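One structure below.
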Protein chains: 2
Amino acid sequence: MAQPRRAPASVPLDRERIVAAALDRIDRTGLNEFSVRVLARDLGVYPTAVSWHVGTRAELLAEVVSLALKDVTPPRRRRWQDWVRELMSRYRNALHRHPNVAPLLSAQLVSNAGVSMEIADALVGVLSSAGFEGKSLVRAHNAILGAMIGWVGLELAPQSLSAGGAAEAIDRLRDRLDNLDPASHAALLSHREVLFNKAFVLRWESGATNPLDDSFNAFVHALVAGIGVMLARSRHPDSEIP
Amino acid sequence: MAQPRRAPASVPLDRERIVAAALDRIDRTGLNEFSVRVLARDLGVYPTAVSWHVGTRAELLAEVVSLALKDVTPPRRRRWQDWVRELMSRYRNALHRHPNVAPLLSAQLVSNAGVSMEIADALVGVLSSAGFEGKSLVRAHNAILGAMIGWVGLELAPQSLSAGGAAEAIDRLRDRLDNLDPASHAALLSHREVLFNKAFVLRWESGATNPLDDSFNAFVHALVAGIGVMLARSRHPDSEIP
DNA sequence: ACCTGAACACCGTTCAAGT
DNA sequence: ACCTGAACACCGTTCAAGT
């Protein structure tokens with residue numbers, strides 16, 4: 001366990017193999033158990049060998065994100081609404097294949113991955129040719145990316161803050177929900193059958209094992225509809241947003 | 001620097017003081033520089049004394065979140081739309097006062113804070129008395145909380161993945177944006193004046209120093225409008241979402 | 001160019017001991 | 001009940017040395 005798992009390979013290490021191994025490790029045991037040192041063990045190599053190839057831990061994780069988000073940018077579509085919906089669901093699908101990567105996107109980096117730059121360029125292209133310009137372009141861009149990255153990040157948030165007590169944290173939350181004070185949480189309790197383990201804050205399983213498909217689709221539809229209203233209003237600017 | 005900053009206080013430590021000191025430390029130097037050990041130093045005490053009062057690091061951080069989110073639940077309103085908008089902007093305001101706490105909410109925990117349970121109960125109450133029920137209640141709940149927590153989390157995401165290179169990370173991103181390949185990023189470049197440092201993925205400052213007020217307001221309005229459409233449709237269920 | 005190996009300054013948590 | 005103090009098993013990164 002303390003020794004490298006493989007004998008030092010004859011084939012020399014390279015960036016690509018390291019990043020792939022890192023994503024694999026994260027997929028299997030999560031971000032909490034991931035470290036440069038265990039990755040080095042996986043590769044049968046000293047930790048400093050990893051650093052030599054990929055630089056710092058932060059740079060490595062940025063590349064992991066890029067790898068997980070490959071091929072999310074959709075091809076062109078006739079209607080911008082269809083393209084946006086497809087972008088959001090492709091993004092979500094990619095992260096559902098690598099749920100443990102999600103925290104890196106929603107919280108830890110203001111994005112640096114080349115992939116997200118590609119997405120941004122495509123989105124701006126679609127929006128601007130749909131008639132969004134100036135302020136309304138910025139608004140739509142931020143609404144869509146913020147909603148997409150943020151919502152999915154929350155859906156896939158891990159259940160425990162730190163290593164170890166995943167199962168234990170679940171039990172604690174279930175306990176709390178079972179013993180809610182009826183006086184202060186009347187609304188929750190009267191809708192418990194429909195809400196529990198299906199609604200944010202009230203579920204004990206992450207979206208990785210308990211996906212919120214229906215809610216996501218409804219969210220995407222509502223958002224796109226709302227942005228459509230925004231666009232229509234920006235075309236006759238006498239009626240301002242209240 | 002390696003010694004406790006204060007002499008051991010005569011007043012004994014307690015939970016409340018520890019949590020307040022932790023929030024204060026996080027506000028001042030961020031999550032990366034925060035550790036149980038530096039908090040103990042701030043309090044003039046050994047690290048294990050902290051653990052004795054608040055338990056594990058994860059439990060401490062959960063309490064920090066609760067403290068930062070005090071008083072976000074709005075009072076009742078006539079229209080559910082007004083209440084939801086107020087909830088979202090109160091939540092955002094609270095986190096803008098404690099931006100370094102944001103990563104804890106959007107990524108790290110599936111929520112355990114008692115405060116978020118209070119918010120959920122109030123939200124369910126407002127939505128159900130507005131006519132949302134069953135599936136559409138779950139959908140609206142998840143759309144609103146996912147949008148709120150997720151969007152603000154992204155807005156306030158720190159610029160660097162890890163300690164140290166904040167300023168350096170900013171420079172790198174600015175460089176990348178200045179040297180974008182015009183062939184593959186034509187759309188971005190033709191709208192650069194309006195997008196750069198004002199749009200997700202294309203900004204180098206976090207929302208803590210560069211808030212996205214206008215985009216947030218537009219987002220909230222678009223979302224509430226879209227959810228309104230959802231509600232209207234659920235009332236004559238013959239017309240399904242396409 | 002690529003990797004070993006030791007070292008540095010940190011972590012969170014456990015466990016015994018003091019008062 | 002509350003805190004000290006030492007110890008354990010980790011971190012990421014630096015720096016010199018090997019080949």
Side-chain angles (χ1 to χ4, degrees), chain A residues 1-19 21-22 25-26 29-64 104 108 160-166 168-169, chain B residues 1-19 21-22 25-26 29-64 104 108 160-166 168-169:
Chain A
M1 190 72 172
Q3 302 299 332
R5 302 190 344 175
R6 311 179 190 174
S10 48
V11 275
L13 225 43
D14 68 335
R15 248 180 132 77
E16 200 183 357
R17 243 183 65 218
I18 294 177
V19 174
R25 221 308 95 86
I26 292 171
T29 51
L31 269 176
N32 280 327
E33 326 291 336
F34 177 79
S35 73
V36 175
R37 286 178 121 107
V38 323
L39 175 59
R41 238 162 15 227
D42 287 348
L43 292 164
V45 100
Y46 273 69
T48 39
V50 171
S51 311
W52 192 88
H53 282 282
V54 296
T56 168
R57 175 193 154 94
E59 292 166 331
L60 169 57
L61 290 178
E63 298 222 49
V64 168
L104 294 174
Q108 305 218 29
S160 113
L161 266 170
S162 62
E168 189 202 337
Chain B
M1 191 69 173
Q3 303 298 331
R5 301 189 345 173
R6 311 179 191 175
S10 47
V11 276
L13 227 42
D14 68 336
R15 249 180 129 78
E16 200 183 356
R17 243 183 64 219
I18 294 177
V19 173
R25 222 305 97 87
I26 292 171
T29 51
L31 270 176
N32 281 326
E33 326 291 336
F34 177 80
S35 72
V36 175
R37 286 178 122 108
V38 322
L39 175 59
R41 251 183 339 248
D42 287 348
L43 293 164
V45 101
Y46 274 70
T48 39
V50 171
S51 311
W52 192 88
H53 282 282
V54 296
T56 168
R57 175 193 154 95
E59 292 166 331
L60 169 58
L61 290 178
E63 298 222 48
V64 168
L104 293 174
Q108 305 217 31
S160 112
L161 267 169
S162 62
E168 189 203 337

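Per chain, numbering begins at 1; letters A, B, ... match sequence-line order. Small disclaimer: the values here were computed from a predicted structure and weren't measured.
When rounded to the nearest whole Å, the span between CG of B/Leu39 and C1' of C/dT13 equals 15 Å. D/dG12 atom C1' lies 8 Å from atom CZ of A/Arg57, rounded to whole Å. We find that CZ of A/Arg41 is positioned 14 Å from C1' of D/dG12, with the value rounded to whole Å. Straight-line distance from the CG atom of B/Leu60 to the P atom of C/dT13: 10 Å, rounded to whole Å. Taking atom CG of residue A/Asp14 and atom C1' of nucleotide C/dC2, one finds them 12 Å apart after rounding to whole Å. The interatomic distance linking A/Trp52 (CH2) with C/dC2 (P) rounds to 4 Å, in whole Å. Protein atom CG of B/Asn32 is 13 Å distant from nucleotide atom P of D/dG12, rounded to whole Å. For the pair B/Arg15 CZ and D/dC3 C1', the computed distance is 17 Å after rounding to whole Å.
For A/His53, no side-chain nitrogen or oxygen approaches OP1 or OP2 of C/dA1 to under 4.0 Å. For B/Ser35 and C/dC11, the shortest distance from a side-chain N or O to OP1 or OP2 is below 4.0 Å. When the side-chain nitrogen and oxygen atoms of B/Thr56 are compared with OP1 and OP2 of C/dT13, one or more of them lie within a distance under 4.0 Å.
Nucleic acid contact class of A/Val38 (heavy atoms, under 4.0 Å, all strands): sugar-phosphate only.
A 4.5 Å side-chain heavy-atom check between B/Leu61 and B/Phe34 finds at least one atom pair inside the cut-off.
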Between the protein and nucleotides 5-9 of chain C, are there any N/O to N/O pairs under 3.5 Å, and if so, what are the atom names and distances?
unit_1	atom_1	unit_2	atom_2	d
C/dG5	OP2	A/Tyr46	OH	2.7
C/dG5	O6	A/Thr48	OG1	3.3

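A search for side chain to side chain donor-acceptor pair (under 3.5 Å) contacts involving B/Thr29 returns B/Arg25, not counting sequence neighbours.
For the atom pair B/Leu39 CG and B/Ile18 CD1, the distance stands at 7.0 Å (nearest 0.5 Å).
Counting only Watson-Crick and G-U wobble pairs whose two key distances fall under 3.5 Å, DNA chain D forms stems of three or more stacked pairs at C:4-8 with D:12-16, C:12-16 with D:4-8.
Judged purely by atom type and a 3.5 angstrom limit, A/Ser35 uses its side chain to pair as donor or acceptor with the backbone of A/Val38. Judged by distance alone, with hydrogens and angles left aside, the side-chain atoms of A/Glu33 form no donor-acceptor pair with the main-chain N or O of A/Gly30 at under 3.5 Å.
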